[in-house]
Structures are given as structure tokens and as C-alpha cells.
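A short write-up of the structure that comes next.
Computation of the quantities below employed the complete heavy-atom set of this structure, encompassing side-chain atoms and omitting hydrogens, waters and symmetry-equivalent molecules.
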Amino acid sequence: MADNSNPDIVYTKVDEAPELASASLLPIIQRFAAAAGVSIGTRDISLAGRILATFPDKLKDDQRVTDDLAELGKLVKQPEANVIKLPNISASVPQLVAAVRELQGQGFDIPDYPDDPKTDEEKEIRARYDAIKGSAVNPVLREGNSDRRAAAPVKKFAQNNPHRMGEWTADSKTRVASMSANDFFSNEKSATLDKAATAKIVLETANGETVLKDGVSYPEGTVVDATYMSAKALDTFLADEIEKTKAEGVLFSLHMKATMMKVSDPIIFGHAVKQWLKPVFDKYGDEMKAAGVNPNSGLGDLLERVKDKTEILETIEKTRDTRPPMYMVDSDRGITNLHVPSDVIIDASMPALIRSGGKGWGPDNKEHDAVCVIPDSSYAPVYDETIKFFKANGKLNPATAGTVQNLGLMAQKAEEYGSHPTTFEIPEDGTVKMVLDDGTVLHQHSVEKGDIWRSASARKAPIEDWVNLAIERQKATGYRAIFWLDENRAHDAELIRFVKPILDAKGVADKFEIMPPREATRASLETITKGENTIAITGNVLRDYLTDLFPILELATSAKMLSIVKLMNGGGLFETGAGGSAPKHVQQLQAENHLRWDSLGEFCALGESFKFLADAKNNARARVLGETVETATQGILDHGRSPSRKVGEPDNRDSHYWFARYWAEALAAQSDDAALAEEFGPIAKALAENEEKITGELAAVQGKPADTGGYYHPDDKKLASVMRPSETLNAIMG
């Protein structure tokens with residue numbers, strides 16, 4: 001069925017809900033593809049798979065796995081690359097630790113994650129684990145820029161079947177709070193290199209010079225940034241907002257990206273935990289540190305480590321009584337906004353709150369207005385302006401709203417803030433300098449102990465490719481096209497120096513606008529409110545944020561986005577949309593054997609992948625597969641075959657049955673390939689005739705716990721048993 005050595009299409013093995021769904025969907029895809037002579041193999045980029053690949057020296061021969069991420073990193077630089085990439089975990093420390101414990105429990109003799117490494121061996125182990133944390137996958141695979149948009153049938157369905165939107169009122173107390181000075185935005189410096197260079201990052205202090213990072217190589221034309229956030233200013237800001245929120249009588253909420261921004265944002269998150277419990281840390285800080293407490297890991301980990309320390313627990317409760325009510329992740333289980341850094345991710349949490357009319361769940365299990373604390377002011381204005389727009393104009397109407405497409409600069413790790421090895425928590429007062437190999441000091445900042453300093457870059461070739469993609473997309477659509485760039489921000493000013501000459505040279509400058517994020521947000525909301533469409537041409541972080549914000553407002557979810565990465569060397573990477581890997585979906589499956597994950601993003605990516613293969617290899621049969629996948633996807637939407645959220649109703653596995661049926665019917669009905677029509681005619685007939693039996697077998701397993709053999713590293717046989725419970729469907733698929 002699957003050629004896993006050199007397949008035509010690589011389908012990634014990932015984590016959580018998408019991986020559960022793959023156990024049901026992938027065998028169907030492989031069966032249909034094989035009929036057209038198309039091979040589909042898999043590569044494991046799951047968190048568990050990456051952990052095992054990192055420690056081959058600790059494993060038995062039969063436990064070792066290949067480093068599939070490294071292999072894919074090479075493949076995406078080849079013109080023949082055709083990869084379908086599902087959402088994978090961008091691991092926070094608590095997730096990484098949980099995955100390690102699970103693997104150890106399954107008999108893999110891998111080392112513990114060292115919280116505070118002291119020996120050389122512990123430091124070496126920590127370095128290996130740190131390479132897995134955060135957004136370790138995407139920078140390796142994204143050798144091209146991003147083209148994300150709602151597929152036409154998905155947008156049409158959303159307009160014909162508008163989702164519920166919360167009501168916005170002018171007197172809503174919900175607001176965004178961000179720092180006004182001494183944050184990453186205000187301290188940013190940027191320069192474009194006129195020649196290739198290698199840099200080192202040093203910290204000069206009264207005690208001498210420390211090399212923070214050496215050998216950072218940049219080609220000619222690279223835009224190199226450096227900035228820092230003041231820890232003192234951050235603490236003052238957080239303390240002030242806690243008091244303001246209490247006075248306003250609304251929920252306190254913190255919105256971060258502690259997964260992708262794997263260095264900077266967990267530190268900021270830890271500052272929030274410490275400020276929230278400041279009296280506790282002031283009195284018991286040393287004792288808690290001795291117990292292994294790290295505020296960066298969140299309130300949940302802290303409470304677990306002090307659960308036997310009555311005096312500390314009592315002080316925590318007294319401190320909580322003096323604080324405003326907190327935005328809850330799960331009010332039934334007492335999981336707060338500060339419990340786990342990976343639980344509240346800004347690009348999902350802020351759109352959800354905005355879609356709900358500015359409401360968040362409080363500890364009383366009721367909805368309330370909230371203060372949305374986004375410390376760095378780089379992109380906070382996007383959410384601030386969105387909230388102000390809806391306060392003034394009322395909620396968006398999905399039935400009439402236009403769409404915001406996105407072209408995002410991300411190739412070759414462009415703007416990878418926080419998920420790279422050039423972010424540091426400063427150990428002592430001094431000056432951080434970026435020094436080029438010719439002795440030039442490119443950037444420098446005076447910093448204090450605890451400040452967060454970071455650098456990122458964007459190379460010339462990806463920037464030029466991004467601008468040219470924008471020109472192509474605007475020409476193809478005729479939509480309003482806006483570069484979200486602020487001429488008063490150091491980095492954006494450097495990008496504008498690339499953008500304007502290219503637009504002028506192509507004679508299309510009049511087709512594009514350049515606006516700061518706040519103004520671009522308002523312009524885009526005004527455009528879609530009128531039922532018209534726009535293209536947001538953005539950097540990497542805004543790509544990430546906007547491709548959740550607008551789809552959640554337009555479609556109710558970002559998981560249904562068409563996400564194409566046109567690889568710079570000619571290949572294609574087809575992402576199955578934003579939306580994360582849905583841990584709550586897994587919890588429901590484990591408890592009730594019901595999976596509500598919607599595979600629509602996978603369907604959309606699959607169709608594009610087949611069509612790309614058809615063009616790349618002149619494969620007419622692959623084109624037939626791609627076109628009929630689109631017909632099947634439309635059938636899922638038109639007939640309401642997406643999963644229900646409730647146990648006892650059709651779930652993800654039912655949607656895969658219907659997808660297979662609509663796909664087989666479309667193949668049987670098409671006239672471009674008689675052999676495919678002949679092969680799939682009987683399959684379509686069998687799927688239709690056995691509808692009641694198949695759906696009955698799928699329904700029969702729901703309502704009781706399901707055992708997949710693991711959360712991060714499920715057992716293949718158990719997983720297949722859970723996700724393919726219809727013997728009738730399995731027999732038809734062969």
C-alpha cells in the first residue's frame with residue numbers, strides 16, 4: 001500500500017487529535033491513491049518520535065527510530081518534495097516532561113529532563129531536549145513562504161451556514177493591556193547586511209565578557225534584528241494590571257505564545273506567575289525553589305510541588321483572595337489561565353474570546369468581560385483594534401463577511417522570534433553586543449539582570465520571494481492587498497526598503513497599500529464587513545496570529561484553512577490548517593470514545609497535494625484524484641457530515657466513511673479515467689449499500705473509555721482498533 005522509502009507524497013505522523021484521526025483516514029487515502037499508482041508514505045515528526053530520535057544511544061536496537069525530521073528537512077529543499085504536514089505539538093516544558101515520563105513507562109530508557117542541570121552530562125542532555133522544545137519542526141520544514149486562505153467551498157458553506165457569534169456592546173469592559181515602553185517593540189534595532197557575515201553575541205559586564213552565542217552566519221542582504229524586554233518594566237506592568245483589573249471587576253487573562261516563542265514567552269509567563277503570587281514568592285521563594293518550583297512551568301506545576309506544604313498553600317489561598325478573578329481554561333477542574341504555559345496560546349485564545357463577544361469563563365463557571373494582558377506591544381494593537389472595532393460596530397456577520405487571505409514571510413526561519421538559539425535571559429547587568437567578524441558592532445543594548453534579549457533575522461531571498469508571491473496573488477484575485485508593516489518599527493522599516501523597489505519595478509505599486517498593524521486591522525475589518533476581500537501580507541508572527549483570528553471570525557475555526565507553502569526550490573508543503581493539536585479532543589476520546597476532530601483541513605490539503613503531483617510529474621491520474629477529493633470535500637460540507645461535539649452522535653470516523661463514499665462516487669462518475677471509474681464503481685456501491693451497518697458499527701463503540709496505549713506515544717495496534725472499529729468498512733477498503 002505505502003512506499004515508505006521514496007513515496008510520491010509524504011504524510012506526516014504527528015500528535016494528539018490529528019494523529020488519532022490519521023489512524024482512520026490514512027488507510028483510506030492510501031487505498032484510493034494506490035489505485036492511481038500514487039504512493040503515500042509517512043514520516044514521524046511527533047514529539048515522542050523526535051524524543052526517541054534524539055537519544056538513540058539510550059535505546060535498544062529494536063527501539064531505535066530514524067530522525068525523520070532531519071530527513072524531511074533535506075527533502076523540502078528538493079524540487080520533487082510533496083509533503084502533507086499535520087499540526088504537531090510545539091512542546092512546552094510540562095508537555096516535554098509528560099512525554100518523557102510516558103515513554104519511560106513504556107520501557108524506553110531515556111533520561112529525565114534536567115530542570116537545573118549541573119554536571120556536564122546533565123547539561124548535554126538538557127541541550128538535546130531543548131532542541132526539541134517549542135517550534136522545532138516548522139522552521140525545518142518551511143523552506144518557503146506561506147499562502148493561507150479559506151478554500152472556496154469552505155467559505156461558501158460558512159456563509160450559507162453562519163456560526164454563532166457572541167454579542168458585542170459598546171459598554172463592554174474587555175480591553176487589551178500591553179507595555180508602553182521598554183518592551184521588545186520599543187527597544188528593537190534592525191539593519192540589512194551589505195555583505196555576508198558571521199556574528200557573535202557577547203555580554204560585557206563588570207566581571208568581563210561572556211560569549212552568549214558564536215558563529216551565527218548570515219548571507220548578504222539579511223535583515224538582522226536585536227531587541228530586549230526589561231524585566232523590571234515587565235514586573236511593574238504586570239503588578240499594575242493586576243490591580244487595575246481588580247478595580248474594574250473583570251477577569252484577568254494573560255495571552256502568550258509559550259510554544260513557538262519557546263525561550264522568551266515562558267520567561268514572561270513565569271514573571272506573571274510570580275507577580276500573581278508575589279507575597280508567596282517574597283516569603284517562601286527559597287523554600288519553593290528548593291522544592292523544584294519554576295514559575296515558568298506554571299501554577300499547576302507549582303501547586304503540585306508544594307502540595308504537602310500547608311503554610312505555603314494557606315498563603316497562596318490568602319493571596320488569591322486579594323486578586324481579581326482569573327480567566328479559566330477549565331473552570332470545572334479549576335485550571336486557570338496561569339496553570340500551564342501551553343494551555344493559553346494567544347493566536348487561539350484571543351480570537352475565541354473576541355468571537356464570544358469579549359467574554360471569557362471565570363472561576364464561577366460564568367462568562368465575564370476580561371482584561372487581555374499581552375505584554376509586548378509589537379502585535380497587541382491587532383487585538384486591541386479588533387476589540388475596539390466590534391465595540392463600535394457590533395459583531396461580524398459570517399453570512400455576509402468577505403475573507404482575509406494571508407501571505408506570510410516565513411521561509412528559512414524568517415523572523416523566528418523566541419524559537420531559535422539567539423534568545424537569552426540576561427544573567428547580570430551589562431551590555432549585549434552583536435559583533436560581526438570584521439569587528440563591526442551591528443547592534444548593542446544596555447541590559448540588566450533578568451532582562452530578555454533576543455535576535456532574529458530574515459534573509460533576502462525569502463523576502464523577495466514573499467513580495468513576488470504577493471504580486472501573483474493580488475493579480476490572480478484582484479483583492480485589496482495590504483502589507484502589514486510599520487515604518488516606525490525598526491524591522492519593518494528595513495522590509496519596506498525591499499518591498500517598495502520590487503513593487504515599483506513590476507509596475508504594481510498602485511495595487512498595494514502599506515500600513516502599520518493597527519491601521520491594517522481596521523482596514524481589513526472594514527473591508528470584510530462590506531462583504532469584500534483582502535490579502536494580508538505579513539511577517540511570520542502575524543501570519544501565525546492572523547490565520548487564526550480571521551478564520552475563527554469567518555468560519556468558526558482555523559482548522560479548515562487551505563495552507564500551501566510554495567517551497568523555494570520548487571516543491572510543495574501542504575499544511576492542514578492552523579488550529580493546534582487539540583488535547584481536549586484526545587481527552588474526550590479517552591473518556592467517551594468520541595473524536596470530534598474535523599479532518600476538513602486534511603481533505604483540503606490532500607486535494608492540493610494530488611494536483612501539485614499531477615503538475616510536477618505530468619500525472620493525469622493524480623489530477624483526477626485531486627479533483628474528486630474536492631468533490632468529496634464539498635459533499636461533506638453540503639450534507640453536514642462533519643463531526644459532532646457530543647458523544648453518541650457522528651464523529652471523526654463517521655466523517656471519514658462519508659469522505660470515502662463521496663470520493664468513490666466521484667471517481668465512479670468521472671469520465672477522464674475509465675479504469676478508475678470502473679474500479680471505484682463497486683466500492684461506491686458497497687459503501688452506499690452498507691451505510692446502516694457501517695454507521696451502526698461506528699456508533700456502537702461510543703460512550704465508554706478508549707485505550708490507545710498512550711497519549712504522546714500510542715500503541716499502533718490499539719490505536720488502529722479504536723479508530724477503525726467498523727469491520728465492514730475495513731473490508732471494503734481492503
Side-chain angles (χ1 to χ4, degrees), residues 9 11 18 21-22 24-36 38 40 84 86 150-158 160-161 555 557 559-564 574 576-577 597-614 619-644 650-673 675-691 694-695 698 723-724 726 729-730 732-734:
I9 296 172
Y11 201 92
S22 291
S24 166
L25 180 59
L26 186 55
I28 293 170
I29 295 172
Q30 289 173 329
R31 169 65 182 88
F32 279 69
V38 174
I40 298 183
I84 297 177
L86 281 68
V154 173
K155 180 63 179 177
K156 180 181 176 183
F157 179 80
N160 293 336
N161 302 271
L555 314 172
T557 176
K560 299 177 182 180
M561 288 287 281
L562 189 60
S563 185
I564 301 168
F574 305 94
T576 61
W597 176 261
D598 192 338
S599 294
L600 197 65
E602 287 95 300
F603 303 157
C604 291
L606 181 65
E608 292 294 324
S609 174
F610 279 132
K611 288 190 286 184
F612 180 82
L613 181 66
N619 185 328
R621 301 193 109 191
R623 181 164 300 284
V624 172
L625 288 178
E627 290 171 350
T628 50
V629 160
E630 289 188 345
T631 304
T633 303
Q634 191 70 61
I636 292 288
L637 291 167
D638 289 346
H639 297 99
R641 301 302 185 186
S642 294
S644 164
D651 78 347
N652 176 266
R653 293 162 288 195
D654 293 84
S655 73
H656 294 165
Y657 157 68
W658 287 106
F659 179 70
R661 178 169 162 180
Y662 294 143
W663 194 4
E665 290 172 349
L667 282 165
Q670 55 81 34
S671 57
D672 293 325
D673 191 304
L676 284 176
E678 182 179 356
E679 177 163 355
F680 282 96
I683 293 175
K685 185 171 184 289
L687 289 170
E689 289 178 346
N690 287 280
E691 174 188 334
I694 291 170
T695 56
L698 295 174
M723 292 306 301
R724 303 187 70 201
S726 171
L729 176 59
N730 298 344
I732 295 171
M733 287 296 98

Which heavy atom of [X] sits nearest to which heavy atom of [Y], and what is that distance?
| X | Y | answer |
| --- | --- | --- |
| Leu562 | Ala605 | CD1-N, 4.5 Å |
| Ala622 | Leu613 | CB-CD2, 4.0 Å |
| Ile694 | Ser726 | CG2-OG, 3.7 Å |
| Arg623 | Lys611 | NH2-O, 3.9 Å |

Problem - Trace of the side chain to side chain contact (heavy atoms under 4.5 Å, CB included) decision for Met723 with Asn652 - result: CA-CA 9 Å; Met723 292 306 301; Asn652 176 266; 3.9 Å; yes

For the residue pair [X] and [Y], establish whether any side-chain heavy-atom pair is separated by less than 4.5 Å.
| X | Y | value |
| --- | --- | --- |
| Phe574 | Leu606 | no |
| Trp597 | Glu602 | yes |
| Ile40 | Leu26 | yes |
| Leu555 | Val154 | yes |
| Phe610 | Ile9 | yes |
| Phe32 | Met733 | yes |

Practice task
Decide whether Asp654 and Thr695 meet the rule of one side-chain donor and one side-chain acceptor closer than 3.5 Å.
Solution key: no

Practice task
Tell me yes or no: between the side chains of Arg653 and Tyr657, is some donor less than 3.5 Å from an acceptor?
Solution key: no

Practice task
Classify the ring geometry between Phe603 and His656 as parallel (under 30°), tilted (30 to 60°) or perpendicular (over 60°).
Solution key: perpendicular

Problem - Test applied, side chain to side chain contact (heavy atoms under 4.5 Å, CB included); reference residue, Ser655; option that passes from Pro643, Pro650, Ser644, Ser642 - result: Pro643

Problem - Val624 backbone acceptor or donor facing Thr628 side chain under 3.5 Å - result: yes

Problem - Under 3.5 Å donor-acceptor, Glu689 side chain and Ala686 backbone - result: no

Any chance you could measure [X], atom [atom1], to [Y], atom [atom2], to the nearest 0.5 Å?
| X | Y | atom1 | atom2 | result |
| --- | --- | --- | --- | --- |
| Arg621 | Leu676 | CZ | CG | 4.0 Å |
| Asn161 | Leu637 | CG | CG | 9.0 Å |
| Ser24 | Leu698 | OG | CG | 8.0 Å |
| Ile29 | Ile84 | CD1 | CD1 | 6.5 Å |
| Arg661 | Ile732 | CZ | CD1 | 10.5 Å |
| Leu25 | Gln30 | CG | CD | 9.5 Å |

Practice task
Applying side chain to side chain contact (heavy atoms under 4.5 Å, CB included), run through Thr557 and Asp598 and close with a yes or a no.
Solution key: CA-CA 10 Å; Thr557 176; Asp598 192 338; over 6 Å; no

Practice task
Would you sort out whether Phe659 and Ser599 count as a side chain to side chain contact (heavy atoms under 4.5 Å, CB included), showing the intermediate values?
Solution key: CA-CA 10 Å; Phe659 179 70; Ser599 294; over 6 Å; no

Practice task
Show your reasoning for whether side chain to side chain contact (heavy atoms under 4.5 Å, CB included) applies to Thr576 and Cys604.
Solution key: CA-CA 7 Å; Thr576 61; Cys604 291; over 6 Å; no

Practice task
Look at atom CD of Glu691 and say whether more than 12 heavy atoms of other residues, nucleotides or ligands are closer to it than 6.0 Å.
Solution key: yes

Problem - ring-ring contact (aromatic ring centres under 6.0 Å, His included), paired with His639, selected from Tyr662, Trp658, Phe157 - result: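 One option only clears the test, and that one is Tyr662.
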
Problem - Test log, rule salt bridge (charged side-chain N to carboxylate O under 4.0 Å, His left out), inputs Glu679 and Arg31 - result: CA-CA 12 Å; Glu679 177 163 355; Arg31 169 65 182 88; 3.2 Å; yes

